[in-house]
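Here is the structure we will look at.
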Amino acid sequence: MTTSIPISQTQHFNWQECLWYLNRGFDDCIYQVRAGSVRRAFELEGQQMLVDISYADGSLKLQWLAGLQSTSTINHVHQFVADWFDLERDLTSFYTHLQANKSLAYMADNFKGLRFIGMPDLFESLAWGIIGQQINLSFAYKLKRRLVETYGTSLRYDNEQYWIFPSPANLASLEPAVLRDLQFSQKKAEYLITIAKLFADNAISKPILFALPDFLSRQKLLTDIRGIGVWTANYVLMKSLKENSSIPYGDVGIINALIAHSIISDKKDVKAIDAFYSEFPGWESYLTFYLWRSLAVKPGN
DNA sequence: CTCCAGGTATTTT
DNA sequence: AAAATACATGGA
């Protein structure tokens, strides 16, 4: 079976750019990029399913390779994919802002049509934020894969294995020692298990965060949790809750990108960073994402 | 061997 | 309030 998700503003949508970002040189175990499509497994209503996502004629095409579909699971996956690839956005204003900055104008051409790649699953997003703190990304992706392949579930299709991120309940009962064995630091092991318990107890969820009145109250709920500082909170708010103006302060990738573009010269110059971001009101998250994109080297770029 | 990684909590000035 | 330090370990 195939279902279809129409894309608004197709003049600012480039599927190959999105796929390239997904496959930019890191090994994310939670999806599989192929020629022209990406495959991802889901577990919904106790049922595993596998979906192949490709692009044609102004729409994303979802081919349901495994698992029975119901109206509710189709709706859930459609919403997930729309969030994942930020399909509702109109980027016209963002590109106008980029073009106004001499150092960044090239991005409006080179990265044209690249949508903000989100992380719709809040638990996965928080776990990934914790894992990624203060270690290089290659190692972070290895830790994620070990976690997923040890405590997640998977399905097999066409001789390939597709992994599903472990549920909070599966991690909530763990002892830190077993994550230490996967080479998590003691602190990260404790943070992750604590957060899994919060999810399992429904003390945190997307609806709970969305019910709060503003960005700062959502940020505070997150940073009150041990192991979540401003960087992780803002990262999650932009990757999972689609906050438009969230800046992961302290992010070494942002700092390196700004230095590489000669926008700042001192990594501690927070004022210069804020002044720079103030040129992009409402687009701070997108700008951050494009700065990260600029750090990845594309052959021929 | 040294320094740095998509930081955070804790301790010390 | 601001600055220094421990945490942990792979990669360059």
Side-chain angles (χ1 to χ4, degrees), chain A residues 20-30 107 111 114 116-119 121-122 124-147 149-150 175-196 198 204 219-243 245-261 263-271 273-274 276-277 284-298:
Chain A
W20 187 88
Y21 185 85
L22 288 179
N23 209 19
R24 69 196 186 286
F26 295 109
D27 173 38
D28 198 324
C29 57
I30 220 69
M107 292 182 175
F111 306 158
L114 172 63
F116 185 102
I117 305 297
M119 203 174 288
D121 184 295
L122 179 63
E124 180 191 339
S125 165
L126 272 166
W128 176 236
I130 298 284
I131 289 171
Q133 291 167 3
Q134 184 56 24
I135 58 175
N136 67 72
L137 273 180
S138 301
F139 182 43
Y141 279 104
K142 281 183 185 168
L143 290 180
K144 180 179 179 182
R145 179 174 285 279
R146 285 180 198 152
L147 181 75
E149 293 188 353
T150 307
E175 292 298 326
V178 301
L179 295 182
R180 291 284 292 128
D181 290 342
L182 303 184
Q183 287 180 286
F184 281 64
S185 70
Q186 178 67 27
K187 294 297 184 193
K188 285 186 184 181
E190 292 169 5
Y191 298 157
L192 186 53
I193 292 166
T194 300
I195 289 167
L198 290 174
I204 181 172
Q219 186 192 58
K220 181 168 184 350
L221 186 147
L222 291 172
T223 54
D224 280 350
I225 300 167
R226 279 175 57 84
I228 301 178
V230 168
W231 178 85
T232 307
N234 288 12
Y235 177 86
V236 166
L237 288 170
M238 92 180 184
K239 288 288 275 188
S240 195
L241 277 80
K242 310 187 82 66
E243 292 278 4
S245 300
S246 189
I247 305 170
Y249 286 103
D251 183 89
V252 70
I254 294 175
I255 291 168
N256 287 342
L258 293 179
I259 290 174
H261 288 87
I263 289 165
I264 64 169
S265 53
D266 175 6
K267 60 171 67 173
K268 292 182 180 172
D269 194 349
V270 178
K271 271 188 177 177
I273 296 174
D274 274 336
F276 166 68
Y277 268 100
E284 292 87 343
S285 302
Y286 245 92
L287 180 56
T288 297
F289 179 70
Y290 268 51
L291 289 171
W292 283 333
R293 166 63 185 84
S294 76
L295 294 170
V297 180
K298 193 173 196 170

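To the nearest angstrom, P of C:dT9 lies 12 Å from CG of A:Leu182.
Using a 4.0 Å heavy-atom cutoff across all strands shown, A:Tyr191 reaches sugar-phosphate atoms only and no base atom. Residue A:Ile131 is out of contact with every strand shown, counting any heavy-atom pair closer than 4.0 Å. Among the atoms of the strands shown, only primed sugar atoms or phosphate atoms (P, OP1, OP2) are found under 4.0 Å from some heavy atom of A:Ile228. Residue-level contact check: A:Gln134 touches the bases, meaning some heavy atom is under 4.0 Å from a base atom.
OP1 or OP2 of B:dT10 lies within a sub-4.0 Å distance of a side-chain N or O belonging to A:Arg226. Under 4.0 angstrom from either OP1 or OP2 of C:dT9 there lies no side-chain N or O belonging to A:Arg146. Phosphate contact (OP1/OP2 of B:dG6, side-chain N/O of A:Asn234, threshold under 4.0 Å): absent.
Checking B:dA9, C:dT9, C:dA8 against the side-chain heavy atoms of A:Ser185 singles out C:dA8 as nearest. Closest contact between the side chain of A:Thr232 and the listed nucleotides B:dT8, C:dG11, C:dT9 involves B:dT8. Among C:dG11, B:dG6, C:dA8, the nucleotide with an atom closest to any side-chain atom of A:Ile135 is C:dA8. In the set B:dG7, B:dT10, B:dG6, B:dG6 carries the atom at the smallest distance from any side-chain atom of A:Tyr141. Distances were taken from every side-chain heavy atom of A:Gln186 (C-beta onward) to each of C:dA8, C:dG11, B:dG6; the shortest belongs to C:dA8.
Shown here for A:Arg146 and A:Leu182, the closest heavy-atom pair between the two residues is NH1-O, 3.0 Å.
Both A:Asn136 and A:Lys187 lie near DNA chain B, and the one whose nearest nucleotide falls closer to the 5' end is A:Asn136. The nearest heavy atom of DNA chain B to A:Ile225 and to A:Lys267 marks one nucleotide each, and the one closer to the 5' end goes with A:Lys267.
Taking the ring centre of A:Phe26 as origin, the terminal cationic atom of A:Lys142 falls outside the region bounded by 6.0 Å and 45° from the ring axis. Figure legend: A:Arg24 and A:Tyr21 shown as a cation-pi pair, the cationic atom lying under 6.0 angstrom from the six-membered ring centre and within 45 degrees of its axis.
Atom-to-atom distance recorded for A:Phe184:CZ and A:Ile135:CD1 is 8.0 Å, nearest 0.5 angstrom.
Rounded to the nearest Å, the gap between the P atom of C:dA8 and that of B:dT11 is 14 Å. B:dG6 and C:dC7: their P atoms are spaced 22 Å apart (whole Å).
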Q | Worked verdict on A:Lys144 versus A:Glu124 for salt bridge (Lys or Arg N to Asp or Glu O under 4.0 Å) | A | CA-CA 10 Å; A:Lys144 180 179 179 182; A:Glu124 180 191 339; 3.0 Å; yes
